[in-house]
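Written below as structure tokens is the structure these notes are about.
Source: prediction; values computed, not measured.
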Amino acid sequence: MEASTRTRHARELFAPLGPGYDRYARLLSFGRDPRWRSFLVSRIPREAIRVLDVATGTAAVAIELARAEPARTIVGVDQSPEMLAAGRDRVEREGLDGRIELREGRAEALPFSDEDFDAVTFTYLLRYVDDVPATLRELVRAVRPGGTVAMLEFGLPRGVWRPLWEVYVRVGLPSAGALVSPGWHEVGSFLGPSIRGFWERWPEPTLLEAWRQAGLEDVRAQRLSVGGGYVVWGQRPS
């Protein structure tokens, strides 16, 4: 399957950012990004021993999954060789290269057999795929019956927080990114419209129904940090 324009753009946008990605993602999210990842990982049961982390990037979630359960092994998949290179360096520094394997691949066509994993996680992925329902079905295909699928995505704050969010993504985030590098300025300018556009196409009830239609049950969602982070999780029926 050939990568779409949307997917290729995401790959090109984030390719230069690998070495400093986690540090600046933490800074530009006011320190919230690690907390969101921790909540995502907490949705995965301890008995999930073999876990697939899709859109793994620099392996931040994969590392946290490994720390949460010493018996666990993780396969991380990402379409960006540059991000994976930074991830492999980080995994090696953490002494987890025996438990975390990072592979190049795409969420729309995972290189794994059916029901190959106890759980699947993915982070900031669905905004970058053209066919959200098909991608969700592919992710569900890889998890065994009874296994958990969980995602982290940026959300849209509500109420009084929404105007403040708009000011930040329209002015603050691009300006802050420009202080870091031209690449981060481009990302800072891109994120606001990308997040807003995703939720216009996939309002919360529609997105959660897509999870159910993909074959998951007991689908739940949690807004974090006044709605700036959004975690969804569900189980494949036993």
Checklist entry - Any donor and acceptor pair, going by atom type alone, linking the side chain of Asp118 with main-chain N or O of Ala48 inside 3.5 Å? => result no
Next on the checklist: How long is the straight-line distance from CG of Leu207 back to CZ of Arg212, given to the nearest 0.5 Å?
Outcome noted: 9.5 Å
Next on the checklist: Quick test of your reading of the model: are Arg223 and Glu153 salt-bridged, counting only N-O distances below 4.0 Å?
Outcome noted: no
Checklist entry - Would you find more than 12 non-hydrogen atoms of other residues, nucleotides or ligands less than 6.0 Å from Arg220 atom CZ? => result no
Next on the checklist: When you compare the side chain of Val143 with that of Leu139, does any pair of heavy atoms fall below 4.5 Å?
Outcome noted: no
Item to check | Minimum side-chain heavy-atom gap Leu65-Thr121 below 4.5 Å | outcome: yes
Item to check | Centroid-centroid under 6.0 Å between Trp36 and Tyr124 rings | outcome: no
Item to check | Taking every non-hydrogen atom, the tightest pair across Ile195 and Gly155 | outcome: CG2-O, 4.0 Å
Checklist entry - Say you draw a straight line from CZ of Arg67 to CD of Glu94; how long is it, rounded to the nearest 0.5 Å? => result 4.0 Å
Item to check | Spacing of CG belonging to Asp78 relative to CZ belonging to Phe122, to within rounding of 0.5 Å | outcome: 14.0 Å
Item to check | Spatial distance of atom OG (Ser42) from atom CH2 (Trp233) [nearest 0.5 Å] | outcome: 7.5 Å
Checklist entry - Are the side chain of Arg99 and the backbone N or O of Ala66 linked by a donor-acceptor pair below 3.5 Å? => result yes
Item to check | cation_pi(Arg37, Phe39) dist<6.0 Å, angle<=45 | outcome: no
Checklist outcome for this item: In terms of heavy-atom contacts, Arg32 and Ser225 come closest through CD-OG, 3.4 Å
Next on the checklist: For Leu110, is there any backbone N or O sitting under 3.5 Å from a side-chain donor or acceptor partner on Glu138?
Outcome noted: yes
Item to check | Connected via hydrophobic side-chain network under 4.5 Å: Val226 and Val231 | outcome: no
Next on the checklist: Just so I know, are the side chains of Glu104 and Val77 near enough to count as touching, which here means a heavy-atom distance under 4.5 Å?
Outcome noted: no
Checklist entry - Does Phe198 have Arg127 sitting over its ring (NZ/CZ under 6.0 Å from centre, angle to axis within 45°)? => result no
Item to check | Pairwise side-chain contact, Tyr230 with Gln222, heavy-atom cut-off 4.5 Å (strictly under) | outcome: no
Checklist entry - Is there a side-chain contact between Val51 and Arg72 (heavy atoms, below 4.5 Å)? => result yes
Next on the checklist: Quick check: do Val75 and Arg103 have side-chain heavy atoms less than 4.5 Å from each other?
Outcome noted: yes
Next on the checklist: Let me check something: do Phe112 and Leu216 share a hydrophobic cluster, defined by ILVMFWY side-chain heavy atoms less than 4.5 Å apart, either directly or through other members?
Outcome noted: yes
Checklist outcome for this item: Which of Leu126, Leu208, Val149 passes side-chain contact (heavy atoms from CB on, under 4.5 Å) with Val232? It is Leu208
Checklist entry - Around Glu217, counting heavy atoms of other residues, nucleotides and ligands shown, do more than 12 lie under 6.0 Å from its CD? => result yes
Item to check | Within 6.0 angstrom of Arg162 CZ, more than 12 heavy atoms from elsewhere | outcome: yes
Next on the checklist: With heavy-atom distances below 4.5 Å as the criterion, would you say the side chains of Gln79 and Tyr128 are in contact?
Outcome noted: no
Checklist entry - If you take all heavy atoms of Ser238 and Gly146, which pair is closest and at what distance? => result OG-CA, 3.6 Å
Item to check | Interatomic distance, Thr58 atom OG1 to Met83 atom CE [nearest 0.5 angstrom] | outcome: 5.5 Å
Checklist outcome for this item: Residues Thr123 and Ala55: closest non-hydrogen pair is O-CB, 3.6 Å
Checklist entry - Between CD1 of Ile74 and CD of Glu69, what distance do you get to the nearest 0.5 Å? => result 9.5 Å
Checklist entry - Is there a donor-acceptor contact under 3.5 Å from the side chain of Arg88 to the main chain of Leu102? => result yes
Checklist entry - Is there a donor-acceptor pair closer than 3.5 Å between any side-chain N or O of Arg196 and the backbone N or O of Glu166? => result no
Checklist entry - Is there a donor-acceptor pair under 3.5 Å between the side chain of Ser113 and the backbone N or O of Asp116? => result no
Next on the checklist: Whether the side chain of Gln235 engages the backbone of Pro237 through a donor-acceptor N/O pair (distance < 3.5 Å, no angle test) should be reported.
Outcome noted: no
Item to check | Non-hydrogen side-chain atoms of Thr56 and Leu84 separated by less than 4.5 Å | outcome: yes
Checklist entry - Under 3.5 Å, is there a donor-acceptor pair between the side chain of Ser38 and the main chain of Pro34? => result yes
Item to check | Audit row: Glu108, Val129, side-chain contact (heavy atoms from CB on, under 4.5 Å) steps and yes/no | outcome: CA-CA 8 Å; Glu108 300 94 324; Val129 303; 3.5 Å; yes
Checklist entry - Which atom names give the shortest non-hydrogen contact between Ala60 and Arg90, and what distance separates them? => result CB-NH1, 3.5 Å
Item to check | Under 3.5 Å donor-acceptor, Arg236 side chain and Val140 backbone | outcome: yes
